[in-house]
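Below is one structure, written out as structure tokens; the observations come after it.
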Amino acid sequence: MATTEHPPANRLRAWMLEGLSDMGKGAPQGPHAEPEPPHKGQRWWRVMCLTGVDYFSTLGYQPGIAALAAGLLSPIATIVLVIVTLAGALPVYRRVAEESPRGEGSIAMLERLLSFWQGKLFVLTLLGFAATDFLITITLSAADASTHLVENPHLTGALHGYQMLITLLLVALLGAVFLKGFLEAIGVAVALVGIYLALNAVVVVVGLWHVITAGHVITDWTGALTAEHGNVFVMIGVALIVFPKLALGLSGFETGVAVMPHVQGDPGDTEERPTGRIRDTKKLLTTAAVIMSVFLIATSFITTLLIPAREFKDGGQANGRALAYLAHEYLGGAFGTVYDVSTIAILWFAGASAMAGLLNLMPRYLPRYGMAPHWARAVRPMVIVFTLVAFLVTWIFDASVDAQGGAYATGVLVLISSAAIAVTIAARKAQQKGWTIAFAVISAVFLYTTVVNVIERPDGVKIGACFIAGIILVSLLSRLARAFELRVTSVSMDDLAERFVRDIASRRIRFIAKEPDRRDIAEYREKIEQIRKDNDVSPQDDVVFVEVTVTDPSEFEAGLTVRGEVMHGRYRVLSLESSSIPNALGALLLHVRDATGCIPHIYFEWTEGSPFANFLRFFLFGQGEVAPVTREVLREAEPDRARRPRVHVG
């Protein structure tokens, strides 16, 4: 009978986990791995187009959302949005670019302010809202692209009623592209953005021409405004109230900072002082904000004056596609179809930009915290996860652009608010009183906008809370599953520590694990007597104490520095600082074995108390029952029992 083979399954697994650094034993790692080619970067205006596929594509749906939210006041409310953009979000993110020139963004700025578990949980919460922002970008953009396709006059008869299916197909196509392998095609982004903005400029110019030539349009609008709201002060007040509903127009700034590493900068730039990159990123952010502001004001003006209010509502021909409606109405079916194709392309590519953002954002934090499964470091499994979540979100919101607006705005506003708070703290630390006050005011504006948006449209918080809960749950389970990994990245010993090891290497290497408590002579004497009594170690046997001080137990990976000390003129001590006592001891023992060629022995006392309580102490605080956990760390790190350091417990 022939033996059944399973090569396809092995090939599938290898393909799925391609790029995972430690997916198999013997894979090239560290200095043996092939180095990445140096990144040359791109001119800032080209990189602006990469972030622009997300930012500028909101023109596909922003005018319609503004008209639904503000009605006749849409142009005035949009002017308020532009003021907040130029006077609030832009200065904030220009400062973020200074503080995080490698594209870490505001999350990294806030991460540096907090330590221990509260810092990790805070970052996980922000990651939840960031995931909301990026995932809703994918689903909302796909939904609006399908709207432009379904509502095209030439296709509406054939495609009407299939919007959900088309949206799911677009999301699936996006996932398929990333499964095959996606390279950030800045050249494609430049072409898409250039064509899209040119077509929008044509629509704006034609729309303004019709508004100017048909004088009654402006008269009718101003008359209706006065009749509805009375005077200009009431209009401004109402515009301020409805402004939070227009917050989608603020998207794109976080992406603008995230793509910062692609900016070329000056030849003399270094990673420590990338002066040219920072300068050109500020140009990128400013230029994008000014272009978008001009288009937002112009498009809200012409769509409000030229499109009947009923067409903006659900089922109307301008719902989710106000500018496309004008393109077909005033420039004909051929131009309107070209505009639809351009809009569909840039909206779909905006989803690609968001997917790339997700794949870059999550690995930046979760693996460093030990809060991601091993397969999460490979692109393809994460693409499948994000695609399935996007399917679920699309189904929950019925592929509706209007229904997803609240969730999208919540993600955008939370990230902008966190950025504003981060730069306020940075300005205060730099003792810049004027900027501190200015950023504090901006923070208050964005916090108010976020709260109002959450109250009026709680869907965003619900979706964000689901992402946060999912990320925290998966992160803690992953941290639990990886609790016994040897997570020390490197070990370095000072001269005195190396001398201690050389001295005892000629005999049997014996270490005594000891807590760094009082460190008086009586404590060392009592400890060594107890260990000799419990383990039948003779007074002639040479020993060295090892003391580990726990720093931040929430950290996962870090290097280990070992210092040698002579206490009270007679006791040799190796002092270590680490986030976890067992991992530090395991790393030290393996390092000593490799350096000397001898198998070291380490001696412990049993810890009193409940084993479960002690494990929780280890998981949360890096302490607990050290002896068995140290042995388990060594067992996972060294499968060969003959080469494994010996652990003795009395």
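Quick note: numbers below take in every heavy atom, side chains included, and nothing from hydrogens, waters or symmetry partners. Residues: numbered from 1 along the sequence shown. Keep in mind the model is a prediction, meaning the values are calculated, not measured.
- The shortest distance between side-chain heavy atoms of L174 and I138 falls below 4.5 Å.
- Every residue meeting the ring-ring contact (aromatic ring centres under 6.0 Å, His included) condition with F301, not counting sequence neighbours, appears here in chain and number order: W221.
- When atom types are taken as modelled, the side chain of N319 and the backbone of F312 share a donor-acceptor pair closer than 3.5 angstrom.
- Residues I416 and V92 are not in side-chain contact: their nearest non-hydrogen atoms beyond the backbone lie 4.5 Å or more apart.
- A search for side-chain contact (heavy atoms from CB on, under 4.5 Å) contacts involving V234 returns H229, N231, V238, not counting sequence neighbours.
- Residues meeting the salt bridge (Lys or Arg N to Asp or Glu O under 4.0 Å) test with E311, sequence neighbours left out: none.
- Side-chain atoms of T51 do not come within 3.5 Å of backbone N or O of V47 as any donor-acceptor pair.
- Smallest separation of non-hydrogen atoms from L413 and T450: CB-OG1, 3.3 Å.
- For R46, the salt bridge (Lys or Arg N to Asp or Glu O under 4.0 Å) test picks out no residue, with sequence neighbours left out.
- Listed by chain and number, the residues in a side chain to side chain donor-acceptor pair (under 3.5 Å) with S141 amount to none (sequence neighbours excluded).
- Here T424 pairs with T436, F439, A440, S443 under the side-chain contact (heavy atoms from CB on, under 4.5 Å) rule; sequence neighbours left out.
- In this structure R277 satisfies the side chain to side chain donor-acceptor pair (under 3.5 Å) test together with E271, sequence neighbours excluded.
- Contact record, S342 with L199: CB-CD1, 3.4 Å, taken as the closest heavy-atom pair.
- Closest of all the heavy-atom pairs between V171 and A390 is CG1-CB, 3.7 Å.
- At least one side-chain heavy atom of E98 sits under 4.5 Å from a side-chain heavy atom of K282.
- Side-chain contact between L50 and Q42 is absent, with no heavy atoms from C-beta onward closer than 4.5 Å.
- By the side-chain contact (heavy atoms from CB on, under 4.5 Å) test, L447 pairs with S417, I421, sequence neighbours left out.
- Using a distance-only test at 3.5 Å, with no hydrogens or angles considered, no donor-acceptor pair links the side chain of T286 to the main chain of K283.
- Between D340 and R321, at least one side-chain N (NZ, or NE/NH1/NH2) sits under 4.0 Å from a carboxylate O, which counts as a salt bridge.
- For L192, the side-chain contact (heavy atoms from CB on, under 4.5 Å) partners at least two apart in sequence or on another chain are V188, A345, F349.
- For Y325, the side chain to side chain donor-acceptor pair (under 3.5 Å) test picks out no residue, with sequence neighbours left out.
- Panel note: side chain T287, backbone L284; no donor-acceptor pair is recorded below 3.5 Å.
- Remark: D144 engages no residue in a salt bridge (Lys or Arg N to Asp or Glu O under 4.0 Å) (not counting sequence neighbours).
- The backbone N or O of S300 lies less than 3.5 Å from a partner atom in the side chain of T303, making a donor-acceptor pair.
- Of the candidates T132, I136, L135, I136 is the only one forming a side chain to side chain contact (heavy atoms under 4.5 Å, CB included) with V393.
- Residues V190 and W45 are in side-chain contact: their nearest non-hydrogen atoms beyond the backbone lie under 4.5 Å apart.
- Considering only heavy atoms from C-beta on, F129 stays 4.5 Å or farther from D133 through its side chain.
- Of all heavy-atom pairs between A145 and L170, the closest is CB-CD1, 3.9 Å.
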>> Run F56 and M292 through side chain to side chain contact (heavy atoms under 4.5 Å, CB included) and show every step you take.
In response: CA-CA 7 Å; F56 299 144; M292 190 63 176; 3.9 Å; yes
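- Looking only at side-chain heavy atoms (C-beta outward), S418 and L110 come within less than 4.5 Å of each other.
- Listed by chain and residue number, F253 satisfy the ring-ring contact (aromatic ring centres under 6.0 Å, His included) test with Y93 (two or more places apart in sequence, or in another chain).
- R95 and E99 are joined by a salt bridge, as a carboxylate oxygen and a charged side-chain nitrogen come within less than 4.0 angstrom of each other.
- Side-chain N or O atoms of N200 include one that pairs as donor or acceptor with a backbone N or O of Y196 at under 3.5 Å.
- Considering all non-hydrogen atoms of both residues, T222 and T219 come closest at OG1-O, 3.0 Å.
- Contact annotation: the side chain of T299 never approaches that of Q62 to less than 4.5 Å [non-hydrogen atoms, C-beta and beyond].
- Of all non-hydrogen atoms in M48 and A288, the two that sit nearest each other are SD-N, 3.8 Å.
- When atom types are taken as modelled, the side chain of S100 and the backbone of A97 share no donor-acceptor pair closer than 3.5 angstrom.
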